[in-house]
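Worksheet: one structure, shown below.
In the text below, chain A, chain B and the rest are named by the order of the sequence lines, each starting its count at 1. The structure displayed is predicted, hence computed values, not measured ones.
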Amino acid sequence: MDEMKLPTRAENYNEWYNQLVLRAELADYAPVRGCMVVRPYGWAIWENIQKALDARFKATGHVNAAFPLLIPQSFMTKEKEHVEGFAPELAVVTHGGGVELEEPLVVRPTSETVIGTMYAKWIQSYRDLPVLINQWANVVRWEMRTKLFLRTLEFYWQEGHTAHATQAEAVEETERMLNVYADFAKNEAAVPVLPGQKSETEKFAGAVSTYSIEAMMGDTKALQAGTSHFLGQNFAKAFDIKFLDENNTLQHCWTTSWGLSTRFIGAMIMTHGDDQGLILPPNLAPYQVVLVPIYRKDTEKGPVMETITRLQAGLEALQIRTKLDDREEVTPGFKFNDWEMRGVPLRLEIGPKDVEKGSIALARRDIPGRDGKQFLPAAGYEQAIPELLSEIQAALLGKATQFRDDHIFEVDNYADFKDVVENKGWVKAWWHDDRQNEAKIKEDTRATLRNYVPNVEGEGVCFLTGKKTNKIAYFAKGY
RNA sequence: CGGGGCGUGGCGCAGUCCGGCUAGCGUGCUUGCAUGGGGUGCAAGAGGUCGAAGGUUCAAAUCCUUUCGCCCCGACCA
């Protein structure tokens, strides 16, 4: 009996996550270590993420393209820090067509290098700028330790790569896309995030500065859910991306890159999920409403099915994504649990009594048990259901935001810092930048500097060194 | 790469220490009948070269040697 239940989050968060991913049929382990298969239900979530993001990219002037998977190995060595950052995790192709290649090819871990090479070719004049291209792609990074969605050897993402005439424009782009991610996370995924700049230690290899959105998971660990990089002229210099400006002066471009991956699905799982399973935000759920028919005899089946299919058609006409679970071989009770595991926001039940009384039974996934269940007159469903869906969307964001805020603590000394990151959640504190101290904290506590609070006014005293500083940072253990 | 765990019907496991008859159990699967508003019940079935290779033995899931793989925990990372 208990095998049917997930381990609870409290008893084993990690196992809860792993089993949830498998049992909700989001993903499965692939034959190759560290690789995953994204199953249809998981991919449907990704497709909805893609739609929501892609619309935002288009709205901010970007276009999509596709760059190749294989990159000459020498490309990876052109930007010094980039090489060092990625060398250990590259997959290298040494043979093709049965013979050893003259130059090995790397499977892209990210595409700055190929795209930079192409931009060098395409960009001649300031009139060619800005170039605002995004691609939806898979990339490979040979990670040592993997976990479904959060860190696998191969993963799916989008990577935006832009080139600009001025530093100011490129910085503006970097921030714009960070905000796009934050907006998407908040308003589509109901995942509250803290946008901010990464420390020198944590930034992307080859970037001048890296920005991230940081989300708090249900176990209070932090997850970097999206990143945006200001690359300065580093890649432009390494790859010769140059243009003639209005004054006929040859200049290097200023470039950016930004990405969000299937990891974000992990963020959604760990932000909203409960001990019954997944809870999906209505805006991104593959099915927003699951319809479960209930009947005993064949005489009941006819009217029930007729009513429920009519309802489904009505919902679909309202652009609501639905699933009619008409399986004969399992009981309604089984279906309830099954769809709760899979996180469908709203369940609609129709039984003989509802047909008779002209009512519908609705159960909210975000409010478990009887409290989340209500009986309404069927007549008003066209209003009630969309309203409920947006209520659920808002409730999820509210709950997650509350949880996050309840687990962020301001500290002014190292003892409290340790206590917080060990037992309570995130630290928010005045921080005087220092690479070595940052490393020491990581060694002592395994907590890392997540990012800096943007636009801090005034000054404070660093919790560790007592030095004056104008920076406030978040620290937490991360995924 | 270090530490731990595990490979036995689809899945989860027992059996391994101490070798012995036809390799069990739960669940899932198939069929039938009943059931159906919170993980249905009964009955009958199908399904296994015990991760692989070699060895010891009259006899190996079990003992020995080698090997492959996966998961978890640490050092690196979106």
Side-chain angles (χ1 to χ4, degrees), chain A residues 1-6 12-15 17-19 22-23 28-35 84-90 109-110 138-159 181 198 201-205 210 212-215 222-229 257-267 276-277 292-298 300-301 304 327-341 347-357 359-363 368-370 372-373 375 442-443 446 448 478-479:
Chain A
M1 273 295 177
D2 270 359
E3 284 166 21
M4 290 192 250
K5 288 221 157 92
L6 285 172
N12 191 341
Y13 198 80
N14 198 44
E15 262 309 296
Y17 177 86
N18 287 333
Q19 288 198 29
L22 296 173
R23 291 171 58 177
D28 202 350
Y29 294 103
V32 175
R33 175 199 77 87
C35 291
E84 287 168 10
F86 281 109
E89 46 188 82
L90 291 179
T110 176
N138 56 341
V139 289
V140 168
R141 297 178 186 178
W142 218 262
E143 302 290 350
M144 301 177 188
R145 214 179 116 213
T146 59
K147 184 168 173 142
L148 295 171
F149 286 117
L150 297 188
R151 189 176 301 103
T152 48
L153 299 199
E154 180 185 17
F155 60 93
Y156 303 87
W157 73 347
Q158 57 67 218
E159 44 179 327
Y181 287 150
K198 283 281 192 187
T201 350
E202 298 285 330
K203 77 177 185 191
F204 171 70
T210 288
S212 71
I213 51 171
E214 298 287 330
L223 184 77
Q224 181 171 320
T227 49
S228 186
H229 313 290
S257 69
W258 27 275
L260 184 146
S261 75
T262 38
R263 168 180 254 203
F264 198 90
I265 295 174
Q276 307 306 312
V292 180
I294 294 156
Y295 48 80
R296 290 190 202 83
K297 308 160 196 139
D298 277 355
E300 291 172 344
K301 182 179 173 183
V304 165
R327 285 179 291 178
E328 298 271 3
E329 65 275 16
V330 290
T331 60
F334 181 91
K335 294 176 185 179
F336 297 167
N337 286 286
D338 196 29
W339 291 110
E340 275 167 13
M341 177 71 76
R347 181 179 73 240
L348 193 161
E349 305 164 21
I350 293 291
K353 290 180 209 162
D354 299 301
V355 174
E356 194 183 314
K357 292 189 220 160
S359 63
I360 55 176
L362 291 170
R370 190 178 298 173
K373 211 156 163 173
F375 298 86
K442 189 174 176 183
E443 204 184 311
R446 292 189 49 224
T448 51
Y479 274 99

Determine whether A:Arg141 and A:Leu90 satisfy the following criterion, side-chain contact (heavy atoms from CB on, under 4.5 Å), listing intermediate values before the conclusion. CA-CA 6 Å; A:Arg141 297 178 186 178; A:Leu90 291 179; over 6 Å; no
Tell me the interatomic distance from [X], atom [atom1], to [N], atom [atom2], rounded to whole angstroms.
{"X": "A:Leu90", "N": "B:rC76", "atom1": "CG", "atom2": "P", "result": "18 Å"}
{"X": "A:Gln276", "N": "B:rG39", "atom1": "CD", "atom2": "P", "result": "13 Å"}
{"X": "A:Trp339", "N": "B:rG39", "atom1": "CH2", "atom2": "P", "result": "18 Å"}
{"X": "A:Lys5", "N": "B:rG38", "atom1": "NZ", "atom2": "C1'", "result": "10 Å"}
{"X": "A:Arg151", "N": "B:rC77", "atom1": "CZ", "atom2": "P", "result": "10 Å"}
{"X": "A:Glu84", "N": "B:rC77", "atom1": "CD", "atom2": "P", "result": "12 Å"}
{"X": "A:Arg23", "N": "B:rG39", "atom1": "CZ", "atom2": "P", "result": "16 Å"}

With sequence neighbours left out, what residues match [X] under side-chain contact (heavy atoms from CB on, under 4.5 Å)?
{"X": "A:Pro332", "answer": "A:Val292, A:Ile294, A:Phe336"}
{"X": "A:Glu328", "answer": "A:Tyr295, A:Lys301"}
{"X": "A:Ala222", "answer": "A:Glu214, A:Trp426, A:Arg450, A:Ala476"}
{"X": "A:Gln276", "answer": "A:Asp274, A:Arg365"}

Distances under 3.5 Å between protein N/O atoms and the N/O atoms of nucleotides 68-75 of chain B, please, pair by pair.
{"from": "B:rC70", "atom 1": "OP1", "to": "A:Arg33", "atom 2": "N", "distance (Å)": "2.8"}
{"from": "B:rC72", "atom 1": "O3'", "to": "A:Asn14", "atom 2": "ND2", "distance (Å)": "3.1"}
{"from": "B:rC73", "atom 1": "OP1", "to": "A:Asn14", "atom 2": "ND2", "distance (Å)": "2.8"}
{"from": "B:rC73", "atom 1": "OP2", "to": "A:Arg145", "atom 2": "NE", "distance (Å)": "3.4"}
{"from": "B:rC73", "atom 1": "OP2", "to": "A:Arg145", "atom 2": "NH2", "distance (Å)": "2.9"}
{"from": "B:rG74", "atom 1": "OP1", "to": "A:Arg446", "atom 2": "NH1", "distance (Å)": "3.4"}
{"from": "B:rG74", "atom 1": "OP2", "to": "A:Arg145", "atom 2": "NH1", "distance (Å)": "2.8"}
{"from": "B:rG74", "atom 1": "OP2", "to": "A:Arg145", "atom 2": "NH2", "distance (Å)": "3.3"}

Measuring only the [atom1] atom in each nucleotide, how far is [N] from [M]? A whole number of Å is fine.
{"N": "B:rG4", "M": "B:rA60", "atom1": "C1'", "answer": "28 Å"}
{"N": "B:rU27", "M": "B:rC42", "atom1": "P", "answer": "9 Å"}
{"N": "B:rC50", "M": "B:rU8", "atom1": "P", "answer": "11 Å"}
{"N": "B:rC73", "M": "B:rG36", "atom1": "C1'", "answer": "46 Å"}
{"N": "B:rA23", "M": "B:rU31", "atom1": "C1'", "answer": "26 Å"}
{"N": "B:rG10", "M": "B:rC29", "atom1": "P", "answer": "15 Å"}
{"N": "B:rA14", "M": "B:rG9", "atom1": "P", "answer": "13 Å"}
{"N": "B:rU49", "M": "B:rC6", "atom1": "P", "answer": "24 Å"}

Under 4.0 Å, counting only non-hydrogen atoms across every strand here, what does A:Gly259 touch: a base, just sugar-phosphate, or nothing?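 A:Gly259: no heavy atom of the nucleic acid under 4.0 Å.
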Across the strands shown, which category fits A:Leu150 at heavy-atom distances under 4.0 angstrom: base, sugar-phosphate, nothing?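 Base contact - A:Leu150 has a heavy atom under 4.0 Å of at least one base atom.
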Exercise: do A:Thr210 and A:His229 side chains pair donor with acceptor under 3.5 Å: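 Yes - a donor-acceptor pair under 3.5 Å links their side chains.
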Restricting to ring pair (Phe, Tyr, Trp, His ring centres under 6.0 Å), what partner residues turn up for A:Tyr479, sequence neighbours left out?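 For A:Tyr479, no residue satisfies ring pair (Phe, Tyr, Trp, His ring centres under 6.0 Å) once neighbours in sequence are set aside.
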When you measure from the centre of the six-membered ring of A:Trp142, is the NZ or CZ of A:Arg151 under 6.0 Å away and within 45° of the axis?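 Here A:Arg151 fails the 6.0 Å and 45° test against A:Trp142.
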Distance-only donor-acceptor test, A:Asp338 side-chain atoms vs B:rG39 base atoms, 3.5 Å: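 Side chain to base: no pair below 3.5 Å.
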Writing each nucleotide of RNA chain B 5' to 3' as (, ), [, ], | or . by Watson-Crick or G-U pairing under 3.5 Å yields ((((((((.[[[[.)....(...]]]].((((((.....)))))).....[[[[[..)....]]]]])))))))....
Extract from the structure each pairing of a protein N or O with an N or O of nucleotides 31-36 of chain B at less than 3.5 Å, listing the distance.
{"from": "B:rG36", "atom 1": "O2'", "to": "A:Tyr295", "atom 2": "O", "distance (Å)": "3.2"}
{"from": "B:rG36", "atom 1": "N7", "to": "A:Arg296", "atom 2": "O", "distance (Å)": "3.2"}
{"from": "B:rG36", "atom 1": "O6", "to": "A:Arg296", "atom 2": "O", "distance (Å)": "3.4"}
{"from": "B:rG36", "atom 1": "N2", "to": "A:Glu328", "atom 2": "O", "distance (Å)": "3.2"}

Please list, chain by chain and in numerical order, all residues satisfying salt bridge (charged side-chain N to carboxylate O under 4.0 Å, His left out) with [X], sequence neighbours excluded.
{"X": "A:Lys442", "value": "none"}
{"X": "A:Glu300", "value": "A:Arg296"}
{"X": "A:Lys203", "value": "A:Glu200"}
{"X": "A:Arg145", "value": "none"}

Return the orientation label for the A:Trp258 and A:Tyr181 ring planes: parallel under 30°, perpendicular over 60°, tilted otherwise.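 The arrangement is perpendicular - the two ring planes meet at more than 60°.
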